[in-house]
**Student:** 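The structure that follows is given in the form of structure tokens.
Because the structure is a prediction, the values reported are computed rather than measured. Residue indices begin at 1 and follow the sequence shown. FYI, side chains are in, hydrogens and waters are out, and symmetry mates aren't considered; it's all heavy atoms of this structure.
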Amino acid sequence: MEEVVLQLEELLFASIADVAVLSVDVNDEAVRIEAQSTVARSDCPGCGGWSRRIHSSYLRFPADVPSGGRRVVLCLRVRGFLRPVISCGHRTFAEQMPGLTRRYGGPSACGRHCLLSASRSPVGPGPAW
């Protein structure tokens, strides 16, 4: 199983640095991938400074596109960091994983691309002006 996880990590996250795949579960309906960041610190979106003080962690599920007819569930363990600098407006902030997450974002980068492509494709005849 460890070999499968390493192969999937290389295949799915090759262009995304500092992400470790923790587990992969494949069944007839879905592929569930659990991953987390491997960096020790994160940059504050407010002041740009970094923090290593972990405040909390939670699971995030960015929407992704189906693969091989199966639903893909990406389960990311995201850490919340504490930024105890008075001059910065952010006391806490969540780490972002470039290419996978963004602040207040829903779909993954691939999911966003597919949604945008679908929204730009013609659906039928245009207005009869």
**Student:** Within the 4.5 Å heavy-atom criterion, are Val39 and Arg79 side-chain neighbours or not?
**Tutor:**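 The answer is yes; the side chains approach within 4.5 Å.
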**Student:** Could you list the residues that satisfy side-chain hydrogen bond (donor to acceptor under 3.5 Å, both in side chains) with Ser56, not counting sequence neighbours?
**Tutor:**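 With sequence neighbours excluded, Ser56 shows a side-chain hydrogen bond (donor to acceptor under 3.5 Å, both in side chains) to no residue whatsoever.
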**Student:** Return the minimal non-hydrogen interatomic distance between Leu74 and Pro62, and the atom names on each side.
**Tutor:**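 Minimum heavy-atom separation between Leu74 and Pro62: O-CD, 3.5 Å.
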**Student:** Let me confirm one number: the CG-CZ distance from Leu59 to Arg77, rounded to the nearest 0.5 Å.
**Tutor:**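 If we round to the nearest 0.5 Å, Leu59:CG and Arg77:CZ are 4.0 Å apart.
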**Student:** Output the distance between atom CD1 (Ile33) and atom CG (Leu22), rounded to the nearest 0.5 Å.
**Tutor:**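 The CD1 atom of Ile33 sits 11.5 Å away from the CG atom of Leu22.
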**Student:** Is there a side-chain contact between Ile54 and Phe81 (heavy atoms, below 4.5 Å)?
**Tutor:**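 Side-chain contact under 4.5 Å: yes.
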**Student:** Which heavy atom of Val73 sits nearest a heavy atom of Phe61, and at what distance?
**Tutor:**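 Shortest heavy-atom contact: CG1-CD2, 4.1 Å.
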**Student:** What closest approach, in Å, do Ala20 and Thr38 show between heavy atoms, and which atom pair accounts for it?
**Tutor:**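 So the two residues come closest at CB-CG2, 3.5 Å.
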**Student:** Taking all non-hydrogen atoms of both residues into account, name the closest pair between Pro84 and Arg91 and its distance.
**Tutor:**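 Heavy atoms only, the tightest pair is CA-NH1, 4.2 Å.
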**Student:** List the atom of Cys47, the atom of Cys88, and the distance in Å for their closest heavy-atom pair.
**Tutor:**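 That closest heavy-atom pairing would be SG-SG, 3.7 Å.
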**Student:** State, yes or no, whether a side-chain contact exists between Val31 and Arg71 at a heavy-atom distance under 4.5 Å.
**Tutor:**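 With C-beta onward as the side chain, the pair stays apart.
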**Student:** Could you check Gln36 against Val19 for side chain to side chain contact (heavy atoms under 4.5 Å, CB included), going step by step and ending with a plain yes or no?
**Tutor:** CA-CA 6 Å; Gln36 71 180 18; Val19 173; over 6 Å; no
**Student:** Kindly indicate whether the side chain of Cys44, heavy atoms from C-beta on, has any atom under 4.5 Å from the side chain of Trp50.
**Tutor:**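 SC-SC contact between Cys44 and Trp50 ruled out.
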**Student:** According to a 4.5 Å side-chain heavy-atom criterion applied to Ile, Leu, Val, Met, Phe, Trp and Tyr, with indirect links allowed, do Met97 and Tyr58 form part of one hydrophobic cluster?
**Tutor:**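 Yes, it is one cluster - the side chains of Met97 and Tyr58 are joined through contacts under 4.5 Å.
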**Student:** With sequence neighbours left out, write down each residue that passes salt bridge (Lys or Arg N to Asp or Glu O under 4.0 Å) with Arg83, or none if nothing qualifies.
**Tutor:**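 Here no residue qualifies.
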**Student:** Could you report the tightest heavy-atom contact between Arg52 and Ala40, atom names first, then the distance?
**Tutor:**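 That closest heavy-atom pairing would be CG-O, 3.8 Å.
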